[in-house]
Structure formats: structure tokens, C-alpha cells
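Sharing a structure here in C-alpha cells format.
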Amino acid sequence: MNQNILTTNVDTSPETGIRTEEMLLNVGPQHPSTHGVFRLVVKIDGETIKEAIPVMGYLHRGTEKLAENLNYTQIIPYTDRMDYVSAMTNNYVFCHAVETMMGLEIPERAQFLRLIAMELNRVASHLVWWGTYLLDIGAMGPFLYAFRDREMILDLFNELCGARMTFNYMRIGGVKWDAPPGWIDKAKEFVQYMKKELGNYHKLVSGNEIFINRIKGIGKFDTKTALDYSLSGVMLRSTGVKWDLRKDEPYCIYDRFDFDVPTATEGDCMARYQLRMAEIEQSLRILEQALEQFPSEGEVIGKVPRVIRPPAGETYVRIEAPRGEIGCYIASQGKDKPWRVKFRRPSFTNLQILPKLLQGENLANMIAILGSIDIVLGEVDC
Amino acid sequence: MSEEKRKPTPEEKAKAAAEARAKAEALRKLREQGAQAPQGEKEAEEVPVQAQAAEPQAKAEPAPSSKPISEMTPEEKAAAKKAAAAEAIAKAKAAKEAKEAKEAGAESAPAPKPFSEMTPEEKAAAKKAAAAEALAKAKAAKEAKEAAQQADAAPTASGADAEAKAKAAAAAKAKAAAAAAAKAKAAREAGGQAADGADADAKAKAAAAAKAKAAAAAAAKAKAAQGESPAAEEAPKAPSKNQPYLDKYVQRITEVFGKEVLEAAYINELGKEVPTLVIKTERWHEIARFLKEDEPLAFDYLSDLHGVDYEDRMEVYYHFYSYINRQSLAVKVKTNREQPSVPSVMDLWHGANWNERETFDLLGIHFPGHKDLRRILLPDDWVGYPLRKDYVQYDEEV
């Protein structure tokens with residue numbers, strides 16, 4: 001850790017003659033508002049944050065090293081454990097990278113199942129964020145509603161692949177399981193239910209004056225800063241950049257569906273709140289179309305060699321995860337195990353801006369700002 | 001493993017090759033440990049067997065490899081394994097890039113005949129050449145732009161031990177030239193295999209068999225591909241949609257910095273056709289600034305930064321994006337493995353900060369110019385760099 005943060009200034013106030021002292025405050029790693037094991041060492045002068053140093057790695061499992069000794073298919077479950085709130089997109093980005101190298105064709109039905117799973121997961125992920133964010137800043141109720149509704153998505157996933165969070169659902173070339181009978185109808189029902197429920201969410205929270213005053217105008221940054229810090233996803237869109245990989249570098253079958261990319265210009269916590277809520281709406285829109293057009297039959301996994309051996313070379317693909325741009329780099333030497341795997345994790349990259357946002361900020365805003373970045377520590381530490 | 005009858009599908013063969021390889025690996029170790037005396041005897045017996053085996057295989061199509069294995073002696077198995085491995089590689093290449101098959105066939109078709117007539121020594125040399133050829137060809141077609149790395153390729157190949165060293169080097173060079181370009185990696189692998197093949201006569205024979213088979217397989221594939229649809233082959237050869245962008249980047253950079261700063265520039269066909277530049281470490285920081293600030297380039301966003309350990313060198317991989325031009329660019333910067341160091345770009349893209357720290361933490365690559373380069377994921381007192389290929393965990397309690 002950086003040593004100079006440990007030295008604090010002792011001074012005497014010129015007006016009152018009272019002795020003042022900067023103080024070190026240790027937040028975490030077991031702090032509930034850090035959504036995992038994340039530590040912040042904060043130097044405060046009164047209530048003002050002078051400096052904040054993030055300390056991480058408590059959840060580092062060496063996924064990238066482990067992957068070097070595993071077959072390609074064996075790596076998929078490890079991706080579940082990075083961003084465990086949105087494991088479907090992690091599954092997808094890895095499979096997508098291998099498929100890109102091998103030039104595999106994915107059957108239509110598998111594409112739909114993947115897309116539906118990813119969008120449901122996006123909704124689930126944003127619900128977790130919505131609930132916990134409000135919990136962070138002091139509202140207990142929304143958390144319960146959010147988790148009630150998220151549970152319905154997890155039930156759907158449970159039926160689809162037998163797991164609530166660590167799905168291991170996708171395979172190179174398609175998906176592992178077809179949708180069980182009646183599943184599509186249940187998903188349709190859920191989408192309609194969620195659309196209604198979203199209105200209630202807005203009624204409950206979005207217009208609440210205390211809430212608005214709490215988060216409006218804090219954690220602000222502009223487009224230039226966002227690009228400079230390699231921010232992505234909602235963090236970037238909240239500054240007015242209309243950029244969504246689902247639209248701008250279409251993957252899977254996103255180009256077939258009609259949806260908007262919501263943006264805001266304020267770049268503050270409120271903008272990010274509104275964008276995530278708007279994204280739930282757009283995801284439901286995509287889901288509605290996809291479930292309607294879901295092919296009645298077909299294969300769920302394409303023709304894939306039994307042993308996956310991408311040709312020697314390298315690839316880097318990126319997709320839009322709920323937290324931003326998740327990327328996967330694979331260097332292959334034509335063997336059945338990768339030479340090097342690297343995940344570009346949006347939580348890790350987005351978190352970089354935190355010390356800058358906290359500098360000079362009021363201590364009470366710290367958690368509100370951290371929460372608005374929406375990190376998952378499994379992904380930060382990888 | 002050997003009793004089952006296999007259908008000659010590529011997957012089956014690939015699997016057989018993998019198994020055989022593992023087995024042969026074990027066998028070779030065993031042999032190295034002790035039994036040197038009997039080896040000489042067996043060698044004598046082996047010669048005709050191998051010669052016979054090699055010839056029919058050269059003509060017939062690939063499948064037979066699985067059948068003989070069950071009946072072979074351990075040494076023969078080792079030979080067969082090499083054959084199978086080589087075959088699988090050749091086939092995978094051929095199948096994957098059907099468009100290249102015509103080219104490949106043209107070169108490898110004449111190969112099998114001469115090889116079967118060669119003396120063992122010549123075979124060793126030929127095998128080296130073949131290995132270099134197979135790899136170089138695939139690389140060449142895929143990354144035709146990497147011509148600049150020929151220089152790397154030649155020295156590594158000539159580093160092989162054994163008496164056939166000179167031949168191997170010459171052959172590798174010739175192939176590389178013929179194929180228009182060879183990546184350093186390809187040549188290194190070729191060199192490694194060549195060294196393997198040269199250190200024992202039995203291995204040389206194995207290599208010859210492998211060669212014949214691989215060539216036969218490649219030729220057969222090539223013929224098949226030619227027969228199928230010549231028109232379809234032409235289509236993928238069309239320049240990538242990103243070729244004009246690559247040309248533009250190369251032109252801008254060479255205009256300002258000269259040709260020598262670029263080690264290579266190519267379209268990465270495995271990576272969504274992203275234009276890729278390999279840039280010399282010495283001037284990387286200047287060029288990085290140029291990439292960001294030059295108006296026609298304007299790469300204002302750093303999407304990813306990480307390192308890769310290739311055992312003979314380290315590479316740092318950057319993925320840039322220009323929100324102004326809506327274009328991607330991949331950049332690779334190479335550095336040596338003893339004191340890996342690549343100038344930091346943190347002052348240009350602040351997003352490089354933690355990525356460089358992570359790369360330092362896990363691979364030990366230094367980034368001079370970084371303001372706060374220290375470990376980020378591992379504890380400060382961690383020993384070693386885990387993502388290095390030769391990393392051995394240090395644990396004081398063990």
C-alpha cells in the first residue's frame with residue numbers, strides 16, 4: 001500500500017486555535033456497502049475526503065492462471081464466478097471469443113436462448129443494483145421488492161439450467177440445455193409482470209424528493225474524463241456518449257431487435273440511476289420481441305469438434321454486460337488448452353475513477369458514489 | 001485406447017493424436033531414464049518397419065494411424081504418435097482454412113515422394129523443413145503482413161542442435177521466404193520440433209513418417225478443396241473490410257516515424273478482423289501519443305491492456321477504440337523476458353493505470369513512467385509473478 005497516505009497532517013486552526021488533525025478511516029473489507037470484500041482507506045479532514053485509496057484482491061482466485069491449465073469447456077464455470085450477479089454475460093463472452101476464433105456457426109434456437117438468458121440476467125443484475133443501492137443510502141423497502149422480483153428470474157434460470165447464480169449454461173457452439181416445456185410462456189408472463197412492477201418502482205423511489213436531493217449532482221464527471229478512465233456501460237452513457245456494444249458492434253442476434261440506448265448528460269449518480277432503470281425497460285422490450293419470435297424447434301448446440309482447439313493466434317472480443325464492456329482475450333497455440341486468457345472486467349476498470357470522484361467529497365457521499373459505479377468484487381478481483 | 005475402431009472424423013483423429021502424444025511423451029521419458037542399450041537393437045529392427053509404414057501412409061488417407069498403434073512396440077508408438085500429431089496439425093490447418101488449401105497442396109504434394117527415398121539423416125533435415133513449412137505456411141497465409149519477423153524466424157530455427165542444424169536453418173529460411181512470411185512463434189515451434197527429431201535416429205524416422213503422412217493428408221485435403229468449389233476459395237481472399245483502415249494507420253505512422261518503428265501490421269482474422277500493429281518498444285510512447293492525438297487516428301479510448309508471456313519474450317497487448325472514427329485498433333509491443341519493460345501510457349489514457357499495475361503484478365512487466373506501479377491484486381510481499389509460464393509458487397510453510 002501507498003505509504004504516504006499513512007502520514008496525516010496535524011495543524012492548528014488559525015481562527016479558533018483548536019488543534020486539528022487529519023484522520024485515517026478504514027472502510028472494509030467486510031463493510032456491507034462495499035458489496036463484497038473491498039477496502040477503502042480514506043483520509044479525512046473533518047468530513048471532507050482528502051484522499052481515498054482502494055485496496056482490493058481479497059477475492060483474487062487467479063482465474064486467468066487456472067484457465068491456462070483447463071480445457072476450453074472447463075473454463076466456462078470459472079467465468080460464472082467473476083461477475084456472479086450476471087454470469088450469463090460472462091459465459092457468453094468467453095464462448096463468443098472461442099467461437100470467433102474457430103468460426104463456428106451457432107444455431108438459431110441457441111442464439112435466442114442465449115439472448116433471452118443474457119437479457120433476463122441484465123434485468124436481474126440491475127434489480128440487485130437497484131435494491132442494494134437504495135439499501136446503501138438508507139432505504140430498506142426497495143431491497144425487498146427488488147429481491148422478490150429477481151427471485152422470479154432466478155427461478156426461471158433454475159428451471160433452464162439447474163442453477164440460480166452460477167449457471168454454466170452456455171457452451172462453445174450453443175447452450176447446454178433447451179428450454180423446458182412451458183418455460184417460454186413463463187418468461188413471457190414474467191416480462192409482463194416486470195413491466196408493471198417497474199412502474200411501481202418508479203412510484204416508490206424515482207420521484208422521491210429526499211432520494212433525488214440525496215444523489216443529484218454528486219459523483220459527477222464529464223465525457224472526456226470518462227473516456228480517459230476507460231469507463232464503459234452506464235458510467236460512460238451517463239455522460240452523453242451513445243455507445244452500447246449491442247447496437248454498435250452487434251453480437252449474438254441483437255441487431256434483429258428494436259431497442260433504444262438511453263443516455264443522459266449530467267454524469268452524476270442520479271443520471272446513472274435513471275439509466276439503469278431505463279435499461280431494465282429496454283431489456284424487457286428486447287425480451288418481449290425475442291420471446292415472441294422464439295423458434296419453435298431447432299438445435300441448441302451447433303456442430304462442434306469434441307475437443308475444442310482454436311487455431312493458433314489471438315482474439316479479443318467485447319460485449320455489453322450490465323456493468324459495461326466485458327472483454328475476453330484468448331491467445332491460442334492450437335492446443336486444447338489456451339495459452340493465455342484475459343478478461344477485461346468492467347467493474348475493475350470502472351472502479352479506477354473512484355479515488356478521483358471521492359477527492360474533496362463529503363464523507364457521507366462516499367457510499368452513494370461507490371454504489372452508483374455498480375461493482376461486483378468477484379469481477380474486480382477475478 | 002487402441003482397440004476401438006474409429007471413424008475417420010477429424011475430431012476422432014484429433015483425439016487419437018492427443019492421446020498418442022501423451023503416451024509417447026511418457027514413453028520418451030522412460031527411455032531417457034534407462035534403457036539405452038536395447039534401444040540400439042530396436043532401432044535396427046525398426047528401420048524397415050518405419051519405412052514400410054511411411055510409404056503406404058503417404059499415399060493412403062489419414063485414418064490408418066489409429067489401427068497400427070495397437071500393434072506397435074513402444075518405440076513405434078512414439079513414432080506413430082508423432083505422425084498422428086503432425087497429421088492432426090496439418091489437417092486442422094487444412095480444414096480450417098480451406099481457402100489456403102490450394103496453396104498448401106501445391107507445395108506439399110510433391111513432398112512425400114522424395115522423403116520416403118531419403119536416408120535417415122536427410123529425413124531428419126526434411127522433417128525439420130516440413131515442420132517449419134507446415135507452421136510457416138499456416139501463419140503466412142493468416143498473417144501475411146508479418147513479413148518483418150522473418151528476421152526473428154531464421155535465427156531461432158538455426159538454433160536447433162544436432163548435425164542437421166545447417167540444413168534445418170536453410171530449409172526453414174527457404175520455406176519462410178516461399179511462404180512470404182513466418183511468425184517468430186511458428187519458427188520457434190518448428191525449431192523445437194526439429195531439435196526433438198534430430199537428437200535420436202529413431203526419432204528421425206518417426207519424423208519422416210510423420211512428414212509423409214502430414215504431407216499426404218494436406219495434399220488430399222487440398223485436392224478435395226480444389227474439387228469442391230474454386231469460386232468459394234477466392235471469396236475469403238478478398239481484402240478485409242478493415243484493410244483500408246490498416247493502410248491508413250500504417251501510412252500515418254510511417255509518414256511521421258519512418259518504416260522501422262513498425263515490426264508488423266496485419267489484419268487479425270481470428271479477432272474480428274481488427275487491424276493490428278506490432279510496434280517497437282523504444283518509440284512506443286511517442287507513437288502512443290500520436291495514436292491518441294493525431295486527428296485521423298484519434299484513439300481516445302483504451303479498452304484493454306494486458307501482457308502475455310510467450311516464454312521467449314513478453315508482449316503487451318492494447319486494444320484501442322476511437323469514438324470519433326468508430327474504429328478499433330490492436331497494438332502489440334514486445335519486450336524481452338529477462339527485464340521486461342514497456343513505457344507506460346498512463347499519462348495518455350488514465351485507464352491504463354490499474355491495467356498496468358495488474359500486468360506488473362501478475363507478469364512482472366515494468367512500466368516506466370507509471371506513477372504508482374505496485375501490486376494490485378496480490379499482497380505486497382508476494383514472491384514471483386504467477387502468470388509467467390515458469391512460475392513456481394513460493395510458500396514458506398511448505
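Side chains included, hydrogens not; waters and symmetry mates left out as well; all remaining heavy atoms used. Proteins get letters first, then strands, A, B, ... in listed order; numbering begins at 1 in each.
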query: Taking A:Gln352 for the side chain and B:Trp354 for the main chain, is one N or O donor matched with an acceptor at less than 3.5 Å?
result: yes

d(B:Glu269 CD, A:Thr315 OG1) to nearest 0.5 Å is 11.5 Å

Do A:Arg318's NZ or CZ and the ring of B:Tyr321 fall within the cation-pi criteria of under 6.0 Å and 45°? yes

Cut-off 4.5 Å, heavy atoms of chain A, and the answer for B:Leu348 is backbone

Cut-off 4.5 Å, heavy atoms of chain A, and the answer for B:Thr276 is neither

task: Determine, for B:Lys272 against A:Glu249, whether the closest basic-nitrogen to carboxylate-oxygen distance falls under 4.0 angstrom.
output: no

Under 4.5 Å to a heavy atom of chain A? For B:Arg326 that would be side chain

Under 4.5 Å to a heavy atom of chain A? For B:Asp361 that would be neither

With the side chain counted from C-beta on, respond yes when A:Met56 and B:Ile376 share a heavy-atom pair under 4.5 Å apart, and no when they do not.
yes

Please verify the inter-ring angle class for A:Trp243 with B:Tyr323; under 30° counts as parallel, over 60° as perpendicular, anything in between as tilted.
perpendicular

Under 4.5 Å to a heavy atom of chain A? For B:Leu378 that would be side chain

Whatever's closer than 4.5 Å to a heavy atom in chain A on B:Arg388 counts as backbone

For B:Glu358 and A:Lys342: C-alpha separation, side-chain torsions, deciding distance, then whether salt bridge (charged side-chain N to carboxylate O under 4.0 Å, His left out) applies. CA-CA 11 Å; B:Glu358 190 188 13; A:Lys342 154 81 189 180; 2.9 Å; yes

